[in-house]
Amino acid sequence: MGPTFLEALGPAADTAVRDLRSSTDDPATLQHRELMARALTLVGAWVRTGGPAQADETDLTIAHGYVRHLADRQSEHGTFVGGDNVLSPPDSAFTVNDCCDALELLAPVRDVSGVAGALAGDLDRIVLRAAPALRTGGVHTPNHRWEISAALARVHRLHPDPALVARIEEWLAEGADIDADGLWSERSPNYAVAVSCPSFLVLAEVLDRPELLEPVRRSIDAVLALLLPDDTVETVQSRRQDQSRPFGIGPFAPLLWHVAVQDDRADVAAVARRAVTLDMWQPGAVAARAMTDPLLGRPLPDREAPAAPAREVLHFADARLVHVREPRRSVVVFAGSDVPTQGHVRSGLANSPTFLRVLAGEVVLSDVRLSREFFGLGPFRPTTLTTLPSGADDADDVLRFRLTESVEAGYHQPLTPALRRPDGAYDLRDEGRFSAAMDFGDRAADTVTLTTTVDVTVLPDAVVLDLDVDGADVPWALQLSFRTGGTVTGMELDVEGNRVLVSGTGSYRVGDDVVTVGPGNGSGPAQPAFYAPGQDYAFLGGTDRPDGEHLFVTGRAPGRTRITIGTGGSPGTSA
């Protein structure tokens, strides 16, 4: 019989509690969500270590201090003051959810311990004051609907009220925003694990609607399909903050454990065992919440997970992403940026121009991006991802994909006589790249186009890129960004200090693992090494350039260039 979730998490949770007990932070400086997360951590620690059976109630006393500060932050309307979202019903829902979990833990002992009873009384008052604001309040992101609904469900469980359930049903009637491949509409591992999935678990339980577990199951299947060899979950497809940084599997541990036990799934259990040993948010609070989930009090299925296949090709149609996964290599091909259709970079969109990611052993080629010097329109963001048929000479293990994008800009002609104004006062309009008082849209334009096609061929020991850039005569630069910690060879430094592969083959080594790149494609003023983030960033003096060690292969359009990324210690074979 294996450990329960709490037993497996125990050391990390105990460390978090010890750190909290010795904290010298001034509660007056903490936001409402942090105050309640700390209080929940301490309530959980007290209950977990014996509750009223122990004489020491210090943890409850400290927790009550945080809760008193929390009560001071609650507005007369029930929402909490603080944070960048002002008097936010959904942000307040996060805190109320933690309040309700603390009340669940205290329910069996609040009449036994005076300290526990006083703390529970204050928590109840906070929850009841917040409930009307959560029942009538609005949201501004998709996941907020489910966080508020979960909070209303928890309040209803403590203080039954049909009006709370009616509001939940209004939100649920909009439908779970999850696609056929298991990605929530924000496509974010962060929000899947922190909000949408745990909210649906609570809703399924409180409303006694087991069908609400289905989105959670589908989301967990997607997480497993997006799991990379370094135990991070792919994020390039995300529409939220995590799209530009790695996201570890650790925070998914409670959800993985729940689904593995609920459905007796050995494959999910195998990942849960790893995840619970990795970093996660606020492990003390996680431990406390785990005590409200009976399934986390049971061990994982002890069957062996099925052996991983030699290769999996996992498709996400709506996100236009393919993950080719092998035991020691992952290749991610992505064409799902929202920027081409929306016309701008924006919070809530998938903005990343990374179209390829390769993990080979310890080497992580985190971002492959292609810049073109073309009207400030930014890097190549493909709009289609097509699986190509195998060639006549291809082996069975050769995969081919095609990424395409066409961009254009214009030179505007004079207005027709009927639209001209003697005072020159024309409406300020957006041209697509910038705005000006020129009545754009009423003018004929001469367009300049650039069409980019990248064929990605996945071989057993390499990934081959065939770049075809057609149209205007412009320079391009392929930027390959590696996670730091390795050694670069074969590159030359240009006058700007960029590492450029001028000829031959370059390499990046981490330990015994090597990824090679080649051949070089020349250099010089006509084909500089550069990363151009696009007008949306450059106008503000910003950039979305990823962190890491940057290597460049440069060239000039129009033309076709082949670059081989060797993942077996050599440049690989030709496609």
Considering all heavy atoms, the nearest Asp59-Ala45 contact: OD2-CB, 3.9 Å
CG on Asp367 to OG on Ser244, rounded to 0.5 Å: 9.5 Å
Pair Tyr191, Arg240: side-chain N/O donor-acceptor within cut-off below 3.5 Å: yes
Check: Arg218 side chain, Trp184 main-chain N or O, donor-acceptor pair, under 3.5 Å: no
N/O donor-acceptor pair under 3.5 Å between Ser219 side chain and Pro215 backbone: no
Approximate separation, where rounding is to 0.5 Å, of Gln243 CD and Ser188 OG: 9.0 Å
Flag, side chain of Asp124 to backbone of Asp122, donor-acceptor distance under 3.5 Å: no
Exam field: side chain Asp293 to backbone Leu295, donor-acceptor pair closer than 3.5 Å: yes
Under 3.5 Å donor-acceptor, His156 side chain and Asp161 backbone: yes
Any Phe440 side-chain heavy atom under 4.5 Å of Asp427 side chain: no
Worked check of side-chain contact (heavy atoms from CB on, under 4.5 Å) between Leu183 and Asp318: CA-CA 9 Å; Leu183 294 181; Asp318 287 351; over 6 Å; no
Test log, rule side-chain hydrogen bond (donor to acceptor under 3.5 Å, both in side chains), inputs Gln241 and Asn190: CA-CA 8 Å; Gln241 300 95 323; Asn190 182 355; 5.1 Å; no
Thr341 side chain reached by Thr383 side chain, heavy atoms, under 4.5 Å: no
Polar contact flag, side-chain donor to acceptor under 3.5 angstrom, Glu147-Asn97: yes
Heavy-atom side-chain proximity of Leu278 to Asp231 below 4.5 angstrom: yes
Any side-chain heavy-atom pair of Arg154 and Glu104 under 4.5 Å: no
CZ/Phe539: more than 12 non-hydrogen atoms of other groups inside 6.0 Å: no
Donor-acceptor pair between Ser435 and Asp430 side chains, under 3.5 angstrom: yes
Residue Asp208 excluded, over 12 heavy atoms near CG under 6.0 Å: no
Presence of salt bridge, Arg289 and Asp98, under 4.0 angstrom: yes
Flag, side chain of Asp56 to backbone of Thr58, donor-acceptor distance under 3.5 Å: yes
Considering all heavy atoms, the nearest Pro254-Leu296 contact: O-CD2, 3.5 Å
salt_bridge(Arg303, Asp267) N-O dist < 4.0 Å: no
Closest approach of Arg545 to Arg369 (non-hydrogen atoms, all atoms of both residues): CA-NH1, 4.2 Å
Inter-residue atom distance Asp544.CG - Ser352.OG, 0.5 Å rounding: 7.5 Å
Main-chain N/O of Ser337 paired with Arg381 side-chain donor or acceptor, under 3.5 Å: no
Working for side-chain contact (heavy atoms from CB on, under 4.5 Å), residues Phe252 and Val223: CA-CA 9 Å; Phe252 280 94; Val223 168; 3.4 Å; yes
CG (Asp547) with more than 12 external heavy atoms under 6.0 Å: no
Min side-chain heavy-atom separation Leu226-Pro189 under 4.5 Å: no
Spacing of NE2 belonging to His64 relative to CD belonging to Glu57, to within rounding of 0.5 Å: 12.0 Å
Carboxylate-amine/guanidinium proximity below 4.0 Å for Arg157 and Glu205: yes
Asp302, CG atom: more than 12 neighbouring heavy atoms under 6.0 Å: no
From CE (Met291) to OG1 (Thr4), nearest 0.5 Å: 10.5 Å
Polar contact flag, side-chain donor to acceptor under 3.5 angstrom, His32-Asp91: no
Side-chain (Ser199) to main-chain (Val195) donor-acceptor, under 3.5 angstrom: yes
CA sep, side-chain torsions, deciding dist, call: Gln237, Phe334, side-chain contact (heavy atoms from CB on, under 4.5 Å): CA-CA 7 Å; Gln237 76 288 341; Phe334 177 62; 3.9 Å; yes
Side-chain donor or acceptor of Thr232 paired with backbone N/O of Leu228 under 3.5 Å: no
Trace of the side-chain contact (heavy atoms from CB on, under 4.5 Å) decision for Val67 with Leu119: CA-CA 8 Å; Val67 169; Leu119 171 57; 3.7 Å; yes
Residue pair Ser149 / Ile168: nearest heavy atoms and the distance that separates them: O-CD1, 3.6 Å
Leu227 side chain near His323 side chain, heavy-atom distance below 4.5 Å: no
Flag side-chain contact, heavy atom, 4.5 Å: Trp171 against Val139: yes
4.5 Å side-chain heavy-atom contact, Glu234 and Arg357: yes
Thr79 and Gln74 side chains, donor-acceptor separation under 3.5 Å: no
Backbone of Leu70 reached by a side-chain donor or acceptor of Arg73 within 3.5 Å: no
Interatomic spacing from OG1 in Thr235 to CZ in Phe247 - rounded to 0.5 Å: 9.5 Å
Steps toward salt bridge (Lys or Arg N to Asp or Glu O under 4.0 Å) verdict (Asp338, Arg346): CA-CA 9 Å; Asp338 296 313; Arg346 181 78 79 244; over 6 Å; no
Non-hydrogen atoms of Phe5 and Val276 that approach each other most closely: CE1-CG2, 3.6 Å
Side-chain H-bond candidate by donor/acceptor type, Thr15 with Arg18, under 3.5 Å: yes
Arg187 to Arg239 - nearest heavy-atom pair and separation: NH1-NH2, 3.3 Å
Asp230, CG atom: more than 12 neighbouring heavy atoms under 6.0 Å: yes
Side-chain H-bond candidate by donor/acceptor type, Trp146 with Asp177, under 3.5 Å: yes
